[in-house]
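What follows is a short report on a single structure.
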There are 2 protein chains.
Amino acid sequence: MESTATAAPTEERILEAASKVFRQRGFDGARMQEIADEAGINKALLHYYFRSKEQLYEQVFRASAKEFFGSILIILRSEEPLREKVVRLCELYVTVGLEHPYIPVFIITEAHRKGAGFVARMLSEEGVLPDFEPMRRQIAEEAAAGRIRPIAVEQLMMDILGLCLFPAIARPMMQRMMGISDEGFRQALELRRSRASRMIINSLYNPAG
Amino acid sequence: MESTATAAPTEERILEAASKVFRQRGFDGARMQEIADEAGINKALLHYYFRSKEQLYEQVFRASAKEFFGSILIILRSEEPLREKVVRLCELYVTVGLEHPYIPVFIITEAHRKGAGFVARMLSEEGVLPDFEPMRRQIAEEAAAGRIRPIAVEQLMMDILGLCLFPAIARPMMQRMMGISDEGFRQALELRRSRASRMIINSLYNPAG
DNA sequence: GTCTATATATGGATAGAC
DNA sequence: GTCTATCCATATATAGAC
């Protein structure tokens with residue numbers, strides 16, 4: 001910490017610029033020139049710091065993955081009862097979808113890219129992916145005690161992500177399809193906070209039908 | 001119909017090849033050369049028939065959109081009771097996700113592309129987008145008669161698409177995140193047929209909680 | 001209609017001065 | 001560390017022969 005609060009160091013500025021561009025356009029659509037402009041430097045410096053587009057992208061993807069999966073971690077390994085966890089996960093994903101939709105959109109869409117072998121590598125790095133074992137056990141215990149209908153943790157997560165996060169992922173398509181305004185969409189997402197948790201909680205504790 | 005069943009005409013072969021490549025790689029990742037190879041012709045012919053990559057892409061996207069939205073149309077305007085419609089929509093999307101996931105993945109991910117003004121144009125063309133009015137009325141009637149809890153058709157569609165289609169959209173991410181094998185994923189999707197309809201039907205007819 | 005050859009542009013990457 | 005200038009590969013698109 002030499003002087004005081006100076007402009008962010010170059011490497012950081014590049015990473016921020018790259019995040020923005022890669023998240024908006026994906027790997028194939030991104031241009032090194034645009035990243036350089038966004039960071040207020042020239043292309044050569046990008047290569048000086050990160051060697052290649054691939055490597056710069058890896059950094060960005062890894063950071064995004066950590067950010068996305070990291071937020072779940074805390075909730076997953078807390079000691080709260082299952083019911084609370086479900087509610088908090090729903091809250092989390094609706095909020096993410098409202099405030100930082102870029103990250104999950106980026107992760108989910110880019111994970112489709114062919115020949116992106118490093119996606120596999122990266123996600124298998126230590127500490128990136130969340131551990132679902134605690135929750136799996138918790139479900140098993142509740143089920144054994146007859147308090148809930150048994151369910152695979154995979155199914156539960158698909159429910160939560162599908163009900164809460166999907167609308168944000170599919171937003172451009174959904175708004176067009178159903179003619180929803182931006183404000184209308186925001187409101188619709190807000191509604192899902194309670195709707196999603198209610199549906200899931202019901203399916204667990206209230207297995208009617 | 002000149003002779004009899006000959007090899008598909010060039011224009012059709014190109015469209016099929018282009019569909020395959022664009023769906024796999026998106027607009028930015030697709031290469032005209034790969035499309036030409038896939039169709040068994042050379043690049044020049046692509047331009048002879050479709051003039052530019054943009055225009056070829058438009059054709060592909062339009063066809064995909066019609067295919068995707070068209071499948072909903074029939075269900076939406078049928079005369080069956082609401083309950084049946086929900087079940088059939090769930091069935092439809094799980095099946096699509098299992099058998100032709102490329103189409104919804106393509107539509108949903110490509111709809112994010114910047115400066116794709118023609119997406120708007122295209123989706124506003126006559127007969128592409130489904131009409132949700134009949135279903136909206138149906139919901140209103142059921143609610144007025146006190147048979148269901150009132151709900152916006154947008155919310156209902158988000159439930160259906162989220163529960164049934166999202167897993168297929170997010171498949172690469174989900175499998176990595178939760179360590180699911182291909183076969184395991186297929187089974188998980190199958191389970192959602194009944195699970196999704198049950199949850200949604202419950203939320204409509206059985207508003208506990 | 002279909003091909004080969006080529007024009008033209010652009011993007012990622014490097015060399016080398018400062 | 002940062003810049004300008006440039007290399008080189010590749011991508012879209014066109015010209016023109018057959």
Side-chain angles (χ1 to χ4, degrees), chain A residues 1-62 110 113-119, chain B residues 1-62 110 113-119:
Chain A
M1 272 150 238
E2 304 290 320
S3 52
T4 44
T6 58
T10 309
E11 186 167 342
E12 243 175 70
R13 288 224 315 283
I14 293 177
L15 274 176
E16 268 172 47
S19 296
K20 185 171 172 186
V21 175
F22 278 131
R23 285 172 186 179
Q24 272 183 11
R25 307 203 186 274
F27 180 82
D28 293 320
R31 294 292 166 253
M32 296 294 266
Q33 185 61 58
E34 188 179 357
I35 296 175
D37 293 346
E38 184 75 30
I41 51 148
N42 60 42
K43 280 193 297 177
L45 261 196
L46 296 181
H47 291 93
Y48 174 79
Y49 278 96
F50 294 93
R51 186 126 195 105
S52 72
K53 185 184 180 184
E54 275 280 346
Q55 290 188 40
L56 178 53
Y57 178 79
E58 280 204 29
Q59 300 276 332
V60 169
F61 191 90
R62 176 180 291 109
E110 288 292 290
R113 266 187 55 231
K114 297 267 169 182
F118 65 90
V119 171
Chain B
M1 272 158 232
E2 303 292 317
S3 54
T4 44
T6 58
T10 309
E11 185 167 343
E12 241 175 71
R13 289 223 315 283
I14 293 177
L15 274 176
E16 267 172 49
S19 295
K20 184 171 173 187
V21 176
F22 278 131
R23 285 172 186 179
Q24 271 183 10
R25 306 205 186 276
F27 179 82
D28 293 321
R31 294 294 166 253
M32 295 295 266
Q33 183 62 59
E34 190 180 354
I35 296 174
D37 293 346
E38 183 75 31
I41 51 147
N42 60 40
K43 284 191 296 176
L45 260 196
L46 297 181
H47 290 93
Y48 174 80
Y49 277 97
F50 295 94
R51 204 163 162 78
S52 73
K53 186 183 179 185
E54 275 280 346
Q55 289 188 39
L56 177 53
Y57 178 79
E58 280 204 28
Q59 301 275 333
V60 169
F61 191 91
R62 175 180 291 110
E110 289 289 292
R113 267 187 57 231
K114 297 266 170 181
F118 64 88
V119 172

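Chain identifiers are assigned alphabetically (A, B, ...) following the order of the sequence lines, protein sequences preceding nucleic acid strands; residue numbering begins at 1 within each chain.
Atom NE2 in B/His47 sits roughly 13 Å away from atom C1' in C/dA9 (whole-Å rounding). The distance from atom CZ of A/Phe22 to atom P of C/dG12 is 8 Å, rounded to the nearest whole Å. Rounded to an integer number of Å, the gap from A/Tyr49 OH to C/dA13 P is 18 Å. Counting to the nearest Å, the C1' atom of C/dG12 and the CD atom of A/Gln55 are 13 Å from each other. Look at CG on B/Asn42: it is 6 Å from P on C/dT4, rounded to the nearest Å. Taking atom CD on A/Gln33 and atom C1' on D/dT4, their separation rounds to 13 Å, with Å as the unit. If you measure from atom OH of A/Tyr48 to atom C1' of C/dA13, you get 16 Å, rounded to the nearest angstrom. If you take CG of A/Leu46 and P of C/dA13, they are 10 Å apart, rounded to a whole angstrom.
Two residues are said to be in side-chain contact when any heavy atoms from C-beta on lie closer than 4.5 Å; A/Phe22 and A/Ile35 meet this criterion. Counting heavy atoms from C-beta on, the side chains of B/Leu15 and B/Tyr49 never come closer than 4.5 Å. Contact of the A/Leu56 side chain with the A/Ile14 side chain is registered, since non-hydrogen atoms from C-beta on lie closer than 4.5 Å.
Contacts of B/Ala30 with the nucleic acid, taken as non-hydrogen atoms under 4.0 Å apart, involve only primed sugar atoms and P, OP1 or OP2.
Closest to the B/Arg31 side chain, of the nucleotides D/dA11, C/dA13, D/dA15, is D/dA11. For B/Lys53, the side-chain atoms get nearest to D/dT12 when compared with the rest of D/dT14, D/dG1, D/dT12. Here D/dA15 is the nucleotide among D/dT12, C/dT14, D/dA15 with the atom lying nearest to any side-chain atom of B/Ala44. Side-chain proximity of A/Ser52 to the nucleotides C/dA13, D/dT12, C/dC3 is greatest for C/dA13. Comparing atom distances between the A/Thr10 side chain and each of C/dC3, D/dT2, D/dT12 picks out D/dT2 as nearest. Closest contact between the side chain of A/Arg51 and the listed nucleotides C/dG12, D/dG1, C/dT14 involves C/dT14.
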TODO: Would you please test B/Ile41 and B/Arg13 for side-chain contact (heavy atoms from CB on, under 4.5 Å) and show each step?
DONE: CA-CA 9 Å; B/Ile41 51 147; B/Arg13 289 223 315 283; 3.8 Å; yes
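Under a cutoff of 6.0 Å and an axis angle of 45°, A/Arg113 and A/Phe61 do not form a cation-pi pair.
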